[in-house]
K.L.:
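After the structure tokens below, expect a handful of questions from me.
Just so we're on the same page: letters track the sequence lines, and every chain starts at 1. What you see is a predicted model, and the numbers here were worked out from it, not measured in a lab.
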Amino acid sequence: MSAQRWEPEGVTTERNATRVGPGPGQNATEAATGPEQASAPEPLVRVEDLSVGFPAADGGAATSGPGAGAATVRAVDGLSFTLEPGAALGIVGESGSGKSTVAFALLDLHRGTGAQASGVVRVAGRDVLTADDAALRRIRGGVAAMVFQDPLSSLDPYLAIGDQIAEVYRVHHRGASRRAARARAVEVLDRVGIPDAARRSRSRPHEFSGGMRQRALIAMALSCEPRLLIADEPTTALDVTVQAQILALLAELRAETGMGLLLVTHDLGVAASSVDDLLVMRAGRAVERGPVNAVLSAPREPYTRALLAAVPRVEQACGDRAPVPVPAPAESRREAGTTAETAPEPATEAAPGGEPKAAASDAAGRGLAGPAPTTAAAAYREASGAAEPELLLEVAGLRREFGGRRARTVAVDDVSLTLRAGETLGVVGESGSGKTTLGRMIVRLLEPSGGSLRYRGREIGGLRERQLRPFRSELQMVFQDPVASLNPRRSIGESIADPLRAAGRLTGPEIVARVRGLLERVGLDPDWYHRYPHEFSGGQRQRVGIARALAPEPRLIVCDEPVSALDVTTQAQIVRLLGDLQRELGLALIFIAHDLAVVRQVSDRVAVMRGGRIVEEGETDAVYDDPQHPYTRSLLAAVPLLAGAERPVEAVATERVEAVV
Amino acid sequence: GPEDSDSKGAGGGSDAPRKGGTLTILNSHPQSDFDPARLYTSGGGNIPGLVFRTLTTRNREDGAAGAKVVPDLATDTGKPSKNATVWTYTLKDDLKYEDGSKITTADIKYGIERSFAAELSGGAPYLRDWLIGGDTYQGPYKDKKGLDSIETPDEKTIVFHLRKPEGDFPFVATQTQFAPVPRDKDKGTAYENHPVSSGPYKVVKNVGDGERMTLERNPHWSEKTDAERHAYPDKVEITAGLDSAVINQRLSTGSGADAAAVTTDTNLGPAELAQVSGDKELAGRVGTGHFGYTNYLAFNPKVKPFDNPKVRQAISHAINRTSVVNAAGGSSLAEPATTFLPERDFFGYTPYDHFPAGKTGDPAKARKLLAEAGHEDGLTITLTHSTVKDFATSPEVATAVQEGLKKAGITVKLQGLEDNDYSEKTKSVKDAPGFFLSAWGADWPAGGPFLAPIYDGRQIVKDGSNYNHAQLDDKAVNAEIDAINKLTDLKAAAKRWGALDKKIGEQALSVPLFHPVYKRLYGKDVKNIVISDWTGVLDVSQVAVR
Amino acid sequence: MIPYLLRRVAGAVLVLFVLSIVVYAMFYAVPGDPAKLACGPRCNPEQLAQVRDQLRLDDPLPVRYWHFLQGLFVGQDFSTGTSVLHCDAPCFGLSYQNDQQVTELISQRLPVTASLALGAMVLWLILGVGTGLLSALRRGGITERVLTWFTLAGTATPVFIIGLLLLMVFCAQLRWLPFPSYVPLTENPEQWAWNMLLPWTALALIESAKYARLTRSSLLETLADDHIRTFRAYGVSERAIVGRHALRGALPPVIALTALDLGSLFGSAMLTETLFGLPGLGQLLVHSVRTIDLPVVVAVVLVTGAAVVIANIVADLLYAATDRRVTLT
Amino acid sequence: MTSEVLATTQAGAPAPASGARQVWRRLRARKAAVVAGAGLALLVLLALAAPLLSALTGQDPNTYHDDLVDSARGGVPTGTWGGISAEHWLGVEPGTGRDLFIRLAYGARVSLVVAVGATLLQVLIGVIVGIAAGFGSRFVDGLLSHVSDVFIALPMLAFVIALTAVVPADFPRPLLLVLVIALFGWAGTARVVRAQTLSLKKLDFVAAARLGGSGPFRVARRELLPSLAAPVITYSAILLPSNIVAEAALSFLGVGIRPPTPSWGQMLSTATTWFRADPAYVLLPAGLLFLTVLAFTVIGDALRVALDPREASRLGVGRRRTRNANKADNANKVDEAGGASVSARVSGAGAADTADMAGATSAPQKGGPA
Ligand SMILES: Nc1ncnc2c1ncn2[C@@H]1O[C@H](COP(=O)(O)OP(=O)(O)OP(=O)(O)O)[C@@H](O)[C@H]1O
Ligand SMILES: Nc1ncnc2c1ncn2[C@@H]1O[C@H](COP(=O)(O)OP(=O)(O)OP(=O)(O)O)[C@@H](O)[C@H]1O
Ligand SMILES: [Mg+2]
Ligand SMILES: [Mg+2]
């Protein structure tokens with residue numbers, strides 16, 4: 001930390017020469033209580049009455065007078081909270097409830113984007129919203145660092161990852177030499193569990209797997225040694241073991257350096273194990289807030305209760321789950337500046353009397369209710385009456401390499417699997433183990449380097465683009481990176497409509513109706529047809545991606561982390577939707593996810609991948625209940641438990657790190 | 001000649017010129033031909049005249065006195081036989097090349113013979129037409145025997161045998177083909193890279209095919225044998241390939257070496273003239289001269305409706321010479337013309353205006369004539385011009401003609417041809433357009449070279465370059481031309497050329513438009529400005545820079 | 001990489017081959033007779049026939065083309081009259097108009113044009129990309145406006161006006177610079193640069209607006225990308241963001257355009273060359289086109305063509321170097 | 001945000017405008033674009049109304065006025081400022097005395113038609129070829145790249161000189177110029193488009209479109225074109241002035257528009273030498289050319305922004321402005337410190353917002369030189 005580094009007013013701290021690594025002479029309590037001892041009443045973060053509105057680009061159709069055309073979408077509405085130094089606050093809530101928007105406001109990332117933020121946001125004693133550009137730059141990264149929700153498109157595609165981290169590091173450590181910064185980059189990459197960090201630091205983002213990119217972003221944040229870490233869904237792309245490792249790392253840093261943590265997540269299990277306080281958001285407002293244990297064990301609000309109820313449990317076998325009552329997502333409002341007085345209380349509206357009844361009323365449209373039959377595949381088997389459904393996919397010895405002669409990576413190595421119509425194959429495994437690569441090969445976005453790939457009896461591994469055309473609409477993929485998979489210049493409606501238009505079977509109005517229907521089914525407002533991708537929250541984009549994959553009525557969908565960014569209720573809705581389609585159409589699914597609970601919930605069979613190979617494969621319950629491979633066992637052990645208070649965080653953390661290493 | 005390839009300015013410095021210094025020449029066209037056989041210049045050319053001496057040369061004096069031919073290598077301007085078919089020259093003593101070797105008449109003969117070689121084509125046609133056997137001779141490379149009609153009885157005497165009497169032979173002997181070329185130094189087409197100098201300067205550097213040239217004193221040249229060239233500067237630096245606007249800008253600015261600079265090919269354009277005339281200092285550095293040159297509208301009577309004399313007359317009456325003169329740069333750069341011969345006595349200028357158009361045209365008379373010709377509802381014709389920006393055959397002049405004729409009910413369509421295409425088409429007997437802009441300049445200051453190529457029926461060139469655009473083949477005219485050519489009394493000849501011009505003018509075979517005036521800037525330090533009526537431009541062999 | 005280059009070079013040769021055929025065919029169709037021009041203004045038919053024969057103009061097109069190829073690969077013999085001149089391969093023949101070896105003509109002029117084009121390129125890239133950068137950084141600011149007007153004035157003005165203005169102001173009025181006259185780099189580097197300054201400036205002024213606009217718009221485009229947000233969120237200064245992250249993404253079109261302009265400048269800087277008295281290829285080309293001097297035309301077009309092709313190969317290599325996702329195949 | 005504003009927007013909300021109408025609305029919101037558009041419309045009007053103006057002023061573009069020029073001084077117009085008078089609003093042409101205003105008006109016709117025509121054609125060919133090369137197979141890319149190399153390598157000026165000699169004299173000149181300029185210019189667009197396409201095709205959304213069963217044409221049209229719009233529009237806005245200037249250069253070489261038809265390029269090329277003796281003669285066509293270029297650039301820029309949904313949403317809202325709004329907002333808070341109710345604060349913030357929005361729409365901050 002150099003001399004000219006900005007220090008917040010009113011806070012005298014002893015934080016000096018802090019490192020991410022275990023620092024001598026400081027223990028958690030000291031660090032955590034440090035600022036308070038310095039008689040600074042100012043908390044690390046103080047948010048008061050924060051409101052953020054986005055201009056609706058297509059708004060004002062009816063009005064054209066001056067000042068009109070300024071319709072806004074109020075994403076955050078009068079939110080207040082504080083965060084003490086060294087403390088951790090979790091923000092949970094349904095997709096689109098404004099979590100990311102709040103996180104952005106803490107660094108005033110809305111500045112210059114057209115979004116209007118009002119209220120007070122103070123970070124380390126500095127008013128962020130009114131700070132000038134230079135002061136703001138010092139806060140950004142140096143005081144508070146951000147891990148973005150879309151790690152995949154948040155890295156510069158042209159630069160080596162290590163250089164990107166080094167650059168950011170040098171912004172806040174003026175004295176650091178180029179080499180020192182690079183060394184630091186390698187160090188933090190290593191810290192977040194990137195294997196062979198020195199070599200991989202020279203890779204560009206497209207050479208990283210989704211989870212690796214996410215970890216790279218976390219590494220970037222850590223490299224700056226911030227006093228506050230704002231992590232927006234930092235572990236969505238991580239498998240549970242790595243997730244556990246990252247969470248443990250964060251806990252460790254908090255303990256060591258007194259770093260404050262603002263964790264935005266939809267995963268209550270993650271929240272339970274990593275934060276002190278929990279803020280439950282809905283429709284831009286705080287629904288409930290309190291100590292994490294209190295909120296999770298004795299939720300006061302019906303909405304919170306509903307959320308909790310929807311959490312899938314890994315120990316629960318697929319068949320023996322009761323239908324999940326889910327409150328209707330309250331986000332499909334085109335709402336602007338609804339004031340506190342006039343806005344109906346979302347939670348109450350959704351579930352008056354504390355009983356979430358909306359689920360039932362919405363059931364038909366959203367396909368959420370109704371008892372789940374054993375598995376979709378079984379159901380389809382029953383429905384189609386066939387003894388054995390058609391064998392869709394046969395993969396044998398599939399292999400894929402990247403890179404030239406010198407820097408060769410074998411991403412997928414000798415993978416064999418089969419898939420029948422109506423069946424779901426869950427694929428879990430380590431980050432970077434080749435799941436995405438395998439998925440992309442199956443839909444033939446990538447050409448296999450070796451092995452055979454047969455779809456409905458026909459070898460498609462070596463086919464050229466033109467020959468593939470007939471299969472295209474049958475093989476779909478939900479991309480791991482919803483941002484990159486949507487054309488920023490086209491409205492999402494048009495993107496979804498595209499396969500339909502390409503097929504040319506439906507008329508224009510039919511297509512629009514169809515797309516609106518699809519939007520509705522994935523839980524989005526059909527009126528958002530004309531919105532552009534950047535106007536959506538992370539989870540919403542993911543659902544757009546799902547809707548698009550569904551549009552051409554495929555026979556097989558490779559879902560690459562389709563629900564990772566979704567809150568549990570929305571997740572349940574999507575899972576249900578996929579199940580329904582599977583039953584109706586005999587859809588085959590390859591469900592790539594790191595969330596073992598969800599995988600268990602949806603899969604007939606599950607394959608566990610590691611280092612490009614399938615290390616274990618079998619009937620879901622069999623694998624879950626009696627894992628054979630040690631890696632599978634460590635995976636299952638690492639699943640964060642919802643009743644997070646049961647085990648002390650530190651204990652879990654060390655345990656898991658050991659499990660991984 | 002057809003185009004004054006080199007000449008295109010009179011004034012002078014005050015104090016006496018001295019030797020020394022470096023003269024800079026800023027030109028737009030590189031001296032890409034520097035072989036004496038290939039040059040087509042009037043009076044031996046400006047820059048070539050510094051290197052090549054010829055049997056005779058132009059008199060280097062201001063005005064009309066400069067239109068006289070004077071001896072150069074020879075002791076006189078030539079002794080004609082009785083009927084002017086045999087011309088004899090004797091060389092001066094002590095004539096040397098740049099290497100100190102002696103200049104002999106055999107070298108002059110060889111120089112002339114070279115110009116017959118196909119490899120070295122480009123020179124004027126007179127020797128081919130005049131010398132006995134010249135029409136079939138193929139040059140010394142193919143035809144080692146040489147041309148019998150040139151005799152060199154001794155080292156100092158040379159005799160020319162002509163097919164018919166040519167009183168103008170001394171003028172022709174000024175052309176660079178009459179420069180001596182030592183046979184053993186001849187490298188054919190490569191000779192131009194290092195031509196052997198007989199004049200006051202030798203070529204020491206020639207880069208980019210005449211783009212950059214340096215001339216230095218030829219130590220073996222002696223003032224005693226050369227009464228014409230002064231050769232004051234020690235060195236001449238030639239820079240060519242410059243934009244004409246830039247040349248004029250540099251001359252007017254005159255910084256550094258540009259103070260001692262002249263140009264041998266760039267005139268002041270109208271815009272520059274407008275600017276210069278407002279500046280006393282600059283106006284004092286403008287050399288004005290007249291070269292025998294006429295810009296005219298040519299008719300091809302083989303093409304309808306120009307076969308009808310009435311139509312040609314109507315057009316002659318309708319022409320608005322004021323507009324045309326303005327288009328050519330205004331009254332300071334162009335003098336309206338009604339005669340084909342320029343207004344100088346040595347051409348035999350005889351004033352006439354057969355079809356008076358006044359200053360701005362006589363549309364009434366023109367309409368009347370058109371009606372008589374059967375075009376009472378007006379007439380649509382096409383005027384062919386070149387697209388090159390020369391204020392002579394260029395679009396500006398064409399549009400001025402077009403506008404003028406409009407008042408007489410004549411609609412003129414313009415056909416602009418790229419320069420090369422234009423010159424080829426207009427000089428073709430077969431494809432010549434009916435009505436086009438043309439110009440003609442004298443190869444030497446006499447009526448003969450001005451009228452004969454244009455109106456002599458025997459000079460209609462079927463495949464090649466035809467200048468008899470009207471394709472006039474009139475026995476009487478041909479006979480008169482032959483008769484005048486016999487005259488060695490130039491004054492008498494001039495009178496008859498004038499009369500012939502007037503006579504032919506009656507047929508309205510062309511509409512004389514204007515005679516250009518040459519105005520050229522020269523540098524601050526340039527002295528001894530001589531501008532003869534032969535070339536119309538400042539004579540570089542006379543200028544001094546000290 | 002190596003096979004890629006080999007393939008590109010083979011492609012380049014093919015392009016040049018096609019180019020020469022196009023030029024031959026085109027100029028064969030052009031009316032006009034080079035012999036007449038070579039023969040002089042007052043040529044008679046016999047002489048003309050001799051000249052035609054000498055220039056082999058009576059041969060049919062394929063034969064002439066064949067001779068051209070022969071010259072290129074084995075050389076050609078020409079008679080100067082007194083001796084036989086052997087022109088070594090690659091021989092582009094002799095100029096119809098002045099009997100100079102075309103190879104020599106080109107080799108004298110190529111350095112001039114190359115100096116002009118390359119120097120101007122450096123300047124316009126600095127000016128153009130710099131302006132583009134600045135205007136993307138200072139969006140809506142006074143700097144942006146001034147720069148924008150400046151470069152726009154450049155695009156909107158033909159070179160013959162800009163050049164003349166520059167000459168008037170800097171050489172005639174202020175006398176800061178000499179009137180340009182080409183001095184070879186090998187002779188006197190300082191004089192070379194000094195004399196080339198104005199021509200470079202003129203071309204750069206004209207071209208830079210293009211680059212400024214393109215850089216700016218590509219930059220704004222990339223600045224809207226998500227990854228830029230990351231660096232903003234880490235307090236990286238706007239300048240570093242634009243300069244390091246956005247610029248890279250904005251470069252491909254700029255590189256493509258530079259290659260293009262550089263290549264085509266070789267054959268079309270004729271107006272600039274004339275104005276500044278630079279004996280370059282452009283002037284030579286126009287002159288030889290006007291005189292239907294086919295050997296010279298073909299040679300110049302091939303040389304400029306080679307420049308274009310090479311520039312494009314370099315551009316593609318550069319392009320793959322800036323964007324690693326692009327593979328050279 | 002006041003509640004009235006909300007009421008109206010909510011009423012209008014269910015029918016979101018799509019595509020072109022949105023772009024049009026965004027364009028209209030930019031003052032600079034509106035001014036440039038108006039300027040351009042005026043120019044087009046000037047061109048279209050040339051005969052009318054000719055009748056109105058009683059001047060013909062080709063009538064000589066020999067009395068208005070000083071013949072002895074090279075034909076420079078008599079009178080001040082290039083001979084401006086009641087009859088000749090912008091003075092007369094040196095040498096001929098033709099009316100400049102009318103010639104400029106007529107000149108606009110040719111220049112605009114040639115420049116716009118050539119640009120459109122160039123861009124059309126360029127985009128098609130560029131996409132095909134960037135998106136097509138290796139063979140197609142190789143072939144098209146080589147073809148475009150040939151066209152780039154052909155020096156335009158030289159070939160135009162040759163071409164004009166081959167093309168029949170009665171072939172309409174403006175059309176010939178359009179064809180020639182386009183023919184020699186499309187390769188540039190193609191290269192730029194190709195470079196961009198190569199980048200784009202690596203993106204996941206293109207992969208997604210392929211998965212959706214879109215053939216190459218569809219992908220090109222639906223996915224690539226929108227993303228190419230920005231560079232292509234910017235590039236066209238640059239090409240346009242170069243094409244006007246190309247026309248001037250061709251005129252300078254004598255192969256452009258045929259006299260006596262006026263064109264700006266031809267006026268410029270003859271005017272060059274006059275800019276000391278008669279500055280007005282140069283400044284007029286040069287000024288008009290500049291304004292045209294400016295207008296096209298501004299419109300091009302505005303169009304580029306309007307076509308980008310990401311840029312469009314921050315349309316008119318500059319960085320500084322947001323900050324001011326926040327300051328105002330803060331001031332509000334200080335005023336109401338203590339007892340202020342939540343609603344009061346919210347409406348206070350709303351007022352600042354509204355003021356900001358209003359300001360923003362009337363004074364765009366971003367982009368555009370005007
Ligand atoms: N630029 C924008 N323009 C318009 N609306 C926007 C924009 N960005 C976000 N929104 C809307 O604001 C709301 C909140 O978005 P936000 O990204 O904060 O949600 P989130 O809670 O992070 O959701 P998720 O868990 O899905 O990421 C969403 O309804 C979203 O559609
Ligand atoms: N284009 C590429 N170039 C080089 N290496 C690559 C490329 N794409 C992927 N890899 C490498 O291949 C391996 C497998 O990547 P893949 O994206 O399939 O992992 P994953 O299982 O999807 O991981 P995650 O759960 O983190 O998304 C990783 O080591 C990755 O770095
Ligand atoms: Mg989010
Ligand atoms: Mg992945």
Side-chain angles (χ1 to χ4, degrees), chain A residues 49 51 53-55 57-63 66-72 78 111-114 116-120 127 129-130 132 334 336-337 339-341 443 445 469 472-473 475-477 479 481 484-491 498-499 502-503 527 529-530 532 534-535 548 551-552, chain D residues 1 3 5-6 8-18 22 25 29 203-205 207-216 218 222-223 226-227 229 307-310 312-315 317-319 322-323 325-327 329-330 333 342-343 345-346 349-350 352-354 356-358 361-362:
Chain A
D49 192 23
S51 294
F54 294 107
D58 55 355
T63 54
T72 55
R111 191 174 284 192
T113 64
Q116 297 288 308
S118 66
V120 180
D127 195 321
L129 296 187
T130 57
D132 63 23
R334 179 193 183 75
T339 58
E341 291 83 0
V443 297
L445 283 176
R469 197 85 47 79
R472 278 304 188 202
S473 62
L475 296 169
Q476 287 295 312
M477 176 147 185
F479 290 82
D481 182 0
S485 71
L486 291 172
N487 189 339
R489 291 177 174 276
R490 302 189 62 204
S491 70
D498 227 32
D527 283 340
Y529 188 102
H530 289 291
Y532 290 92
H534 73 278
E535 293 172 85
R548 179 175 51 191
Chain D
M1 239 357 87
S3 41
V5 173
L6 283 173
T8 42
T9 49
Q10 266 172 339
S18 65
Q22 271 190 49
R25 211 177 18 249
L203 298 181
D204 267 357
F205 66 75
R210 277 201 285 150
L211 276 188
S214 296
R218 210 180 165 77
R222 298 275 171 152
E223 308 292 335
S227 305
L307 281 174
D308 186 345
R310 293 171 297 179
S313 68
R314 68 178 103 152
L315 195 145
V317 187
R319 311 169 111 241
T322 318
R323 195 159 65 220
N326 287 327
K327 287 221 174 89
D329 192 23
N330 247 34
K333 289 211 172 73
V342 175
S343 65
R345 283 193 205 175
V346 170
D353 279 4
T354 332
D356 182 46
M357 291 291 201
T361 32
S362 61

K.L.:
Contact between D:Phe205 and A:Leu486 at the side-chain level, heavy atoms closer than 4.5 Å - yes or no?
P.N.:
no
K.L.:
Would you mind telling me which of A:Val443, A:Leu475, A:Leu445, A:Asp481 has the largest number of heavy-atom pairs within less than 4.5 Å of chain D?
P.N.:
A:Leu445
K.L.:
Side chains of A:Arg548 and D:Leu211: does their closest heavy-atom pair fall under 4.5 Å?
P.N.:
no
K.L.:
Rounded to the nearest 0.5 Å, what's the gap from CE on A:Met477 to CZ on D:Arg210? Could you check?
P.N.:
12.5 Å
K.L.:
Please flag which part of A:Ala503 lies under 4.5 Å from any non-hydrogen atom of chain D: side chain, backbone, both or neither.
P.N.:
neither
K.L.:
Check D:Glu223 with A:Arg489, please: is the shortest side-chain N to carboxylate O separation under 4.0 Å?
P.N.:
no
K.L.:
Under 4.5 Å heavy-atom distance to chain A, tell me which part of D:Arg218 shows up: side chain, backbone, both or neither.
P.N.:
side chain
K.L.:
Could you have a look at A:Ser473, A:Pro488, A:Pro552 and say which one has the most heavy-atom pairs with chain D under 4.5 angstrom?
P.N.:
A:Pro488
K.L.:
For the interface with chain A, which of D:Ala209, D:Pro226, D:Pro216 has the highest count of heavy-atom pairs at distances below 4.5 Å?
P.N.:
D:Pro226
K.L.:
Measure the shortest side-chain to side-chain distance between A:Arg490 and D:Ser227 over non-hydrogen atoms and say whether it is less than 4.5 angstrom.
P.N.:
no
K.L.:
How far apart are the closest heavy atoms of D:Ala208 and A:Ser485, and which atoms are they?
P.N.:
CB-O, 3.9 Å
